[in-house]
Amino acid sequence: GESVGLHLPTLSVQEGDNSIINCAYSNSASDYFIWYKQESGKGPQFIIDIRSNMDKRQGQRVTVLLNKTVKHLSLQIAATQPGDSAVYFCAENNFNKFYFGSGTKLNVKP
Amino acid sequence: GAVVSQHPSRVICKSGTSVKIECRSLDFQATTMFWYRQFPKQSLMLMATSNEGSKATYEQGVEKDKFLINHASLTLSTLTVTSAHPEDSSFYICSARVGTGNEKLFFGSGTQLSVL
């Protein structure tokens, strides 16, 4: 089922530092995961995805790690920039539907 | 990437009226579209799955008579909030999937509904 958060935790980082955003997903049968970025008043924007047969996937400045044993995803952003400030959600694919985690607000300080 | 257009971006209506939100896939055909609802500072909650040519499937707790979904073509799905009340005020977001199965979702820009 879906995971809904009542409060958004905030991660504050200095510009240029690396950021790590974590997500716990709910269903061990989920086989595909996506990280989305959402800016205020906008729809989610795709960042990176990973399938359950992988542990790690790298994109441009971003890396997703998947630990199926503990049902945990992380998103690593290298050299964080002010434009990275947003809310980040992980989404899990379960029975061809996507359910979203509770989200983390990333605040990048200049 | 694929483009999903959602309209209107913002709507204000009186209590008791109905509001229709459109979601279009502009450069691809979407057999399946999804409707989400989001309250401030909260996550996206899946409301329903819209299937072209068939009835939508609703998540548990979502009233199908309240939130009417029509997916008349491979590029258009509509969500109608019927007899809207202030508690229906929310950010509604549609998404569409390219292909079937395990493929990424692309999202519209969302509709902020305010019911007075």
Side-chain angles (χ1 to χ4, degrees), chain A residues 1-10 21 23-27 29-54 57 59-60 64 66 73 86-107, chain B residues 1-11 21 23-26 30-51 56-62 90-114:
Chain A
E2 55 186 296
S3 301
V4 176
L6 297 179
H7 302 282
L8 284 175
T10 299
I21 299 171
C23 175
Y25 63 92
S26 59
N27 196 315
S30 296
D31 55 4
Y32 178 48
F33 305 87
I34 303 178
W35 277 100
Y36 283 96
K37 172 186 180 182
Q38 187 181 29
E39 297 175 339
S40 181
K42 297 183 179 180
Q45 177 185 357
F46 172 87
I47 300 175
I48 191 168
D49 58 356
I50 188 168
R51 300 192 185 277
S52 59
N53 61 351
M54 302 174 69
R57 190 156 190 241
Q60 188 176 14
V64 54
L66 173 62
L73 275 168
V87 178
Y88 290 80
F89 294 98
C90 68
E92 60 181 304
N93 182 68
N94 189 5
F95 293 104
N96 286 338
K97 301 178 186 179
F98 280 89
Y99 296 95
F100 280 71
S102 55
T104 297
K105 182 176 181 180
L106 178 63
N107 180 33
Chain B
V3 178
V4 176
S5 174
Q6 186 172 343
H7 179 81
S9 59
R10 182 177 294 272
V11 58
I21 302 169
C23 180
R24 294 180 185 273
S25 55
L26 295 187
T31 307
T32 305
M33 292 185 175
F34 301 89
W35 288 94
Y36 289 83
R37 181 176 185 178
Q38 186 178 32
F39 292 105
K41 298 185 180 181
Q42 292 192 22
S43 187
L44 284 76
M45 295 171 52
L46 179 62
M47 297 175 66
T49 303
S50 171
N51 303 296
T57 55
Y58 291 81
E59 294 297 297
Q60 190 174 6
V62 178
S90 187
F91 192 56
Y92 293 88
I93 314 172
C94 73
S95 65
R97 181 167 56 203
V98 179
T100 60
N102 281 353
E103 298 294 336
K104 61 175 73 79
L105 291 184
F106 292 93
F107 283 83
S109 54
T111 298
Q112 183 62 54
L113 171 63
S114 299

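Every chain is numbered from 1 and lettered A, B, ... according to where its sequence line falls, protein lines coming before strand lines.
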Engineer: Distance from A:T10 atom OG1 to B:K41 atom NZ, nearest 0.5 Å?
Structural biologist: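 With rounding to 0.5 Å, OG1 (A:T10) is 8.5 Å from NZ (B:K41).
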Engineer: Would you give the length of the straight line joining atom OG1 of B:T57 to atom CZ of A:F95, rounded to the nearest 0.5 angstrom?
Structural biologist: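 Spacing of OG1 (B:T57) from CZ (A:F95) equals 13.0 Å.
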Engineer: Of the non-hydrogen atoms in B:E59 and A:Y99, which two are nearest, and what is the gap between them?
Structural biologist: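 Result for this residue pair: OE1-OH, 2.9 Å.
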Engineer: Ring centres under 6.0 Å, that's the criterion: do A:F100 and B:F107 meet it?
Structural biologist: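 Yes, close enough.
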Engineer: What are the two closest heavy atoms between B:F34 and A:N96, and how far apart are they?
Structural biologist: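 Reported closest heavy-atom pair: CZ-O, 3.4 Å.
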Engineer: So how far is it from B:L105 CG to A:Y36 OH, rounded to the nearest 0.5 Å?
Structural biologist: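 It is 4.5 Å, given to the nearest 0.5 Å.
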Engineer: Just say parallel, tilted or perpendicular for the rings of B:F106 and A:F46, cut-offs at 30° and 60°.
Structural biologist: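 Rings of B:F106 and A:F46: tilted, 30 to 60°.
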Engineer: Is it the side chain or the backbone of B:Q38 that comes within 4.5 Å of chain A heavy atoms, both, or neither?
Structural biologist: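 Contact with chain A involves the side chain of B:Q38 alone.
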Engineer: CG/A:N93 to NZ/B:K104 distance, rounded to the nearest 0.5 angstrom?
Structural biologist: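 These two atoms lie 12.5 Å from each other.
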Engineer: What part of B:F39 gets closer than 4.5 Å to chain A, counting heavy atoms only: side chain, backbone, both or neither?
Structural biologist: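 Neither the backbone nor the side chain of B:F39 comes within 4.5 Å of chain A.
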Engineer: Please look at B:I93 and chain A and tell me whether the side chain, the backbone, both or neither of the residue comes under 4.5 angstrom of a heavy atom of that chain.
Structural biologist: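 Side chain of B:I93 only, per the 4.5 Å heavy-atom cut-off to chain A.
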Engineer: Is the shortest heavy-atom distance from the side chain of A:F98 to the side chain of B:L46 under 4.5 Å?
Structural biologist: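 Result no, sub-4.5 Å side-chain heavy-atom pair not found.
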Engineer: Can you name the side-chain hydrogen bond (donor to acceptor under 3.5 Å, both in side chains) partners of B:T49, sequence neighbours left out?
Structural biologist: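 Result, side-chain hydrogen bond (donor to acceptor under 3.5 Å, both in side chains) vs B:T49: none returned.
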Engineer: To the closest 0.5 Å, what do you measure between OG (B:S43) and CD (A:Q38)?
Structural biologist: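 Rounded to the nearest 0.5 Å, the OG-CD separation comes to 8.5 Å.
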